[in-house]
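In this text, all values refer to a predicted model and were calculated from it rather than measured experimentally. Each chain gets a letter, A, B and so on, in the order the sequences are listed, and its residues count up from 1.
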There are 4 protein chains.
Amino acid sequence: MIENDKIKSRRRERQQQICRGAMKIFRVKGFHATSMREIAAASGIGLGNLYHYIRKKEDILFLVQKDVMDRLYDRFDECVKQSKDPVDQLVSVIRELVGLTFTLKEEMLFIYTETKSLDRKYMREILAGETQFVKAFESLIRKGIRQGVFHGEKPDLIANIIVFTLSIYPLRGWSTRRRRSNDELLDALIRFVLKGLGIPDEAIQHKMKQRARKKT
Amino acid sequence: MIENDKIKSRRRERQQQICRGAMKIFRVKGFHATSMREIAAASGIGLGNLYHYIRKKEDILFLVQKDVMDRLYDRFDECVKQSKDPVDQLVSVIRELVGLTFTLKEEMLFIYTETKSLDRKYMREILAGETQFVKAFESLIRKGIRQGVFHGEKPDLIANIIVFTLSIYPLRGWSTRRRRSNDELLDALIRFVLKGLGIPDEAIQHKMKQRARKKT
Amino acid sequence: MIENDKIKSRRRERQQQICRGAMKIFRVKGFHATSMREIAAASGIGLGNLYHYIRKKEDILFLVQKDVMDRLYDRFDECVKQSKDPVDQLVSVIRELVGLTFTLKEEMLFIYTETKSLDRKYMREILAGETQFVKAFESLIRKGIRQGVFHGEKPDLIANIIVFTLSIYPLRGWSTRRRRSNDELLDALIRFVLKGLGIPDEAIQHKMKQRARKKT
Amino acid sequence: MIENDKIKSRRRERQQQICRGAMKIFRVKGFHATSMREIAAASGIGLGNLYHYIRKKEDILFLVQKDVMDRLYDRFDECVKQSKDPVDQLVSVIRELVGLTFTLKEEMLFIYTETKSLDRKYMREILAGETQFVKAFESLIRKGIRQGVFHGEKPDLIANIIVFTLSIYPLRGWSTRRRRSNDELLDALIRFVLKGLGIPDEAIQHKMKQRARKKT
DNA sequence: AATGAATGAGAATTCATTCAT
DNA sequence: CATGAATGAATTCTCATTCAT
């Protein structure tokens, strides 16, 4: 049993190694244009040996996706834990997740554009994760509505809209043409979403100032 | 000269024919996985003859993109012309463009996931069109702010956010998991965006009812 | 009949036009790498129309070869006519033909490297012309031997060797690496060949000076 | 290190294998008309696997050229070593190299007609080898001139002329029309070249008889 | 476990030639 | 005579995956 665990952990390690190597090239060339030889070279594992840890090239795609998604979802969970106030939670989530999209720009763009290359089974798993995430977001909004701080109907749709909005940075080639800083975008996003949830302007101003004060 | 025009129009026709044929398969298999043989077969043009009308496979990708983009932008222009009131214009734009994304779901998803395969020159042209479109959107919002019906800072960022939001339907695999109708999504979108621009709930309700009344 | 002649002459004209156009590109790209489209464009004749004047691409190759060969052979005949003295004739032939190879460098290299692409029938015709030319050269040498000015056995072999030697300039990429002028090469060739035919050094010196004097 | 050597030697072996296979078809069809499939089949290596040992089709052309050239240059070196007398050296060189051209007829014709297909880098390497070879030849002639056995000016040009002359057999389709044996051609060549270097007839006769006596 | 040589199907593109106008 | 659109076979080269060592 213990032996078995060791082997499994070794597998995970190797898979991570492959993921990291592959991602270096995926960023630049995309999934299809990256050959297994390149992945082998970039991850420092022999070409043949790769196939001890994955079955198909597609598996790597899935591993990469899972990795990035999990990082996003984990961050969401952390944010929600830090407060009990729905508005604070929401602001924190937007701030942190959008911050992550600044860092993971290439990875996220890659994932969005290559999800279609996944086969049924993998696709389902990724979509299931996403659905669960949106559900969690929906709960947050429902709570806010119940508490009377958010205003709106059909919180499931609202959750979907907001979650989608969070990925604006990687999905539109922002950095290439920006005359605005990342922080300006982040601020505008928070304001727009809060307003979209019916929170009055003054309250938003207040929140933002609070935050600014904390920072200094 | 007249001769020349005939030739050019014939070229365009053929290119359209190729586009339409190619798109049939692109939808299903994506750009890379679609072979030129398949495109030839699907468009009813001999394989070799394709190359009279395009130079590279990539050209087809560009033509498809351009075609879809232009349809969106044209629709935007039409909407803006139909009224002078910024709120009416905005509601009309959202309604019509999102409506188009319902129709062009596959095309738009395809475009978003394959833009990266365009080479520099084509990419620039596509991005230029997009930039121009966002600018036009920005003007609409600026006018609303000047007239005091919209509220918000940095209209360029707001325009970007809204434009992005409009592509939610094709970019998230909505249809696959929907428990909500397209119309419900559309309504939610309009409300969210109008609220995001600081329009009071009552005014929104009013607008929506007006519209509903007109329809009947 | 007269009509027929006109047609034939028109054909020849067009074929020349094609030859000249084709050669412009053959020089640079070689036979295989030159497409019929390029030949059509370079000769100012429509692609389809080309096939009224030739049957296959190969025909053009033959026409070009024939044209160049004839120019060389004609020059030979002229040289021989200008004197009755075998030495004078030989010197004149070498001077003029090598001079021509300076001018026709690209054409001759092209011919030598592409003769293999000719089919049987054309090949035979080209080789027949060559054989006849070597025969004529052989006669010249035989006459010199009979008159006691040339010394050597097997004049057929000697003729072959000399004829081959005359093509040194185009066949070795001379111009690219020359530290010697074309004239120096020509002089060296004449001296070497005359010596090879057993003409004493002093006589050669004499001939060369004569020529130099004439020139001034 | 030793491992590395093994791999390299294996590479060379495979490359030789490819060369030999390719040459079988190149002889008959020329470079352009020979497909990679045919080369794979003829060399007994899988089509895809070919590309482990070469990068482009052109590489094979280079390898073939290099191989033939080296055989010629090596033979030259051997000949020069066997004697200290310039005349003996020269006669030996002509005899041996022309002998080789009898054997390598197809290969040499192939090389001459296909050198143009080499790209810049390879071309330079081939030309560099050739230049070096002609230089060595020039040294031989210079020595003879210094010792007073050869007579002539501009030994560099003479070397070029003689070296060129040595390739007469493969470059003119000799075998197809020969009424003379290879030996007769060889004899005529030696006589012509020696005469061209100003060696008196009697001395040549002497040399040739010597050789003939040795042979028996 | 680890290696990289081997495989051959399949990709985009080009070409000489024909044919309807 | 003249045109150039149309054809589809043939080309080089790449790739994921397997397999012997």
Could you tell me whether a side-chain N or O of A:Q15 sits under 3.5 Å from a main-chain N or O of A:Y53, the two making a donor and an acceptor?
yes

Any side-chain N or O of C:H52 under 4.0 Å from OP1/OP2 of F:dC1?
no

Is there a donor-acceptor pair under 3.5 Å between the side chain of C:R11 and the backbone N or O of C:H52?
yes

So what's E:dT21 paired with, Watson-Crick or G-U wobble, going by both distances under 3.5 Å?
F:dA2

Tell me, please, whether D:F31 has D:K57 positioned over its six-membered ring: NZ or CZ under 6.0 Å from the ring centre and within 45 degrees of its axis?
yes

Here the distance between atom P of F:dT14 and atom NZ of A:K29, to the nearest Å, is 11 Å

So does D:R27 get a backbone contact from the side chain of D:E106, meaning a donor-acceptor N/O pair under 3.5 Å?
no

Watson-Crick or G-U wobble partner for F:dG8, using a 3.5 Å limit on both distances?
E:dC15

Distance check needed: E:dA1 P versus A:I45 CD1, whole Å only.
12 Å

Is the distance from OP1 or OP2 of E:dA5 to the nearest side-chain N or O of D:Y53 less than 4.0 Å?
no

Give A:R55 one of three labels, base, sugar-phosphate or nothing, depending on what nucleic acid heavy atoms sit under 4.0 Å from its own.
nothing

Return whichever of A:E38 or D:E38 has its heavy-atom-nearest nucleotide of DNA chain F closer to the 5' end.
D:E38

Using a 4.0 Å heavy-atom cut-off across all strands, classify C:R10 as base, sugar-phosphate, or nothing.
sugar-phosphate

When you measure from the side-chain N and O atoms of D:R37 to the phosphate of F:dC13, is any distance below 4.0 Å, counting only OP1 and OP2?
no

Establish, from distance only, whether the side-chain atoms of A:D59 and A:Y122 form a donor-acceptor pair under 3.5 Å.
yes

Distance check needed: F:dA2 C1' versus C:I54 CD1, whole Å only.
15 Å

May I have the distance from B:H32 (atom NE2) to E:dA12 (atom P), rounded to whole angstrom?
10 Å

Taking for each residue the nucleotide of DNA chain F with the nearest heavy atom, is it B:L50 or A:L47 whose nucleotide lies nearer the 5' end?
B:L50

Pick base, sugar-phosphate or nothing for B:M36, based on heavy-atom distances below 4.0 Å to the nucleic acid.
base

Going by distance alone, is a donor N or O of one side chain under 3.5 Å from an acceptor N or O of the other, for D:Q16 and D:R12?
no

Figure out the NZ/P separation between A:K56 and F:dT18, and round it to whole Å.
11 Å

Does A:G48 reach a base, just sugar-phosphate, or nothing at all? Heavy atoms under 4.0 Å.
base

Without decimals, in angstroms, what is the distance between D:R14 CZ and E:dG4 P?
16 Å

d(CD1, C:I39; P, E:dC15) in whole Å:
11 Å

What's the CZ-P distance between C:F31 and E:dT14, to the nearest Å?
19 Å

Establish, with yes or no, whether the OP1 or OP2 oxygen of F:dT3 is under 4.0 angstrom from a side-chain nitrogen or oxygen of C:N49.
yes

Just to be sure I understand the rule, does C:R11 reach a base, reach only the sugar-phosphate, or reach nothing, if contact means heavy atoms closer than 4.0 Å?
nothing

Between B:Y51 and E:dA12, is there a side-chain N or O to OP1/OP2 distance below 4.0 Å?
no

